[in-house]
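Remarks on the structure that follows.
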Amino acid sequence: MTAAPEVSLQVEAAQDATRVDPDGVPARFALAVGRLNRLLRPARPELSHGLLLALSTVVRCGPIRPSKLGQIEGVSAPSATRLVDDLEKRGLVTRAADPDDGRAFFVTATEVGREAVLDARRERSEHAEALLGELDADERRLLVAALPSLEKVAGVVRT
């Protein structure tokens, strides 16, 4: 027995609604941003991308509890604890007991940790500069004009 024609059309319409147009603006935007992110990622064999992200969060938000770090980074509590342990073993963060809760602690970046984040940002900026050097003057002007919109959708707050 075959499905009724109207049911078959509904299924096809639902499938069409979930398809992504690879030439559409959202798909092109996502692809370009994803590739740029990989191209701009600092080459730090001693510090994985995940550790660098976590360390950057500690630098930006610290002192911070591991549970809050996990929330920000989108990882489980055990994963956040492993990140903190690894960063601490490398001398990039220190722990301090929470004076209000003896079971909890705060994580703070060390000077070496802050320098590692600054070095990674410099390297990322140098990669970006090289990529932008491949654009002509008109392309650079268009990119500069688009920066406020890109910062807005990325949630970047300019101060």
Side-chain angles (χ1 to χ4, degrees), residues 1-88 90 92-93 107 109 113-159:
M1 177 184 257
T2 60
E6 61 275 356
V7 171
S8 178
L9 289 174
Q10 289 172 347
V11 169
E12 287 177 27
Q15 288 172 337
D16 285 343
T18 62
R19 287 194 184 113
V20 174
D21 176 7
D23 295 322
V25 170
R28 291 174 58 202
F29 174 77
L31 179 63
V33 168
R35 287 198 178 155
L36 282 171
N37 190 43
R38 284 189 297 281
L39 287 170
L40 294 174
R41 198 172 285 171
R44 303 199 156 266
E46 73 283 0
L47 198 59
S48 72
H49 184 65
L51 283 174
L52 184 57
L53 289 175
L55 179 58
S56 295
T57 298
V58 173
V59 167
R60 188 177 65 253
C61 302
I64 187 171
R65 286 186 173 171
S67 58
K68 182 66 175 173
L69 175 64
Q71 287 174 342
I72 292 170
E73 293 303 318
V75 299
S76 68
S79 292
T81 300
R82 283 192 296 275
L83 286 169
V84 169
D85 289 345
D86 199 352
L87 291 169
E88 186 178 36
R90 296 165 184 260
L92 302 171
V93 300
V107 180
R114 284 188 287 280
E115 281 299 316
V117 170
L118 289 175
D119 288 346
R121 287 180 184 160
R122 269 191 293 276
E123 187 177 332
R124 193 172 168 102
S125 182
E126 289 167 2
H127 289 335
E129 187 173 2
L131 291 171
L132 294 175
E134 297 175 15
L135 302 177
D136 64 32
D138 288 335
E139 291 168 324
R140 282 194 297 279
R141 273 193 291 280
L142 287 170
L143 183 60
V144 168
L147 280 175
S149 297
L150 293 171
E151 290 169 336
K152 181 179 179 179
V153 298
V156 173
V157 179
R158 304 282 306 161
T159 56

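Residue indices begin at 1 and follow the sequence shown.
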On a heavy-atom basis, which atom in L52 and which in A116 lie closest, and how many Å separate them? CD1-O, 4.4 Å

Which is it for E123 and D119 under the side-chain contact (heavy atoms from CB on, under 4.5 Å) test, yes or no, and what are the steps along the way? CA-CA 6 Å; E123 187 177 332; D119 288 346; over 6 Å; no

Within the 4.5 Å heavy-atom criterion, are N37 and R41 side-chain neighbours or not? yes

In chain order, what residues pass the side-chain contact (heavy atoms from CB on, under 4.5 Å) check against L131, with sequence neighbours excluded? L36, L39, L40, E134

Could you report the tightest heavy-atom contact between A109 and V59, atom names first, then the distance? CB-CG2, 3.6 Å

Is a salt bridge present between R141 and D138, judged by a nitrogen-to-oxygen distance below 4.0 Å? yes

Quick one: do the S125 and R122 side chains pair a donor with an acceptor below 3.5 Å? no

With V25 via side-chain contact (heavy atoms from CB on, under 4.5 Å) - residues at least two apart: none

Quick one: pull up CD in E126 and CD in E129 and give me the separation to the nearest 0.5 Å. 7.5 Å

Is the shortest distance from a Lys or Arg side-chain nitrogen in D86 or R82 to a carboxylate oxygen in the other one below 4.0 Å? no

What is the minimum heavy-atom distance between P66 and A80, and which atoms define it? O-CB, 3.4 Å

Determine the minimum heavy-atom distance between L87 and A54, stating which atoms define it. CD1-CB, 4.2 Å

Are R114 and V117 side-chain neighbours, meaning at least one heavy-atom pair lies under 4.5 Å? no

How far apart are the closest heavy atoms of S79 and V75, and which atoms are they? CB-CB, 3.8 Å

Can you name the residues that form a side-chain contact (heavy atoms from CB on, under 4.5 Å) with L132, not counting sequence neighbours? L135, L143

Over 12 foreign heavy atoms within 6.0 Å of CZ, R140: yes

Other residues, nucleotides, ligands: >12 heavy atoms within 6.0 Å of E46 CD: yes

Member of L69, I72, L53 meeting the side-chain contact (heavy atoms from CB on, under 4.5 Å) criterion with V58: L69

So do the side chains of L92 and L51 get within less than 4.5 Å of each other, counting heavy atoms only? no

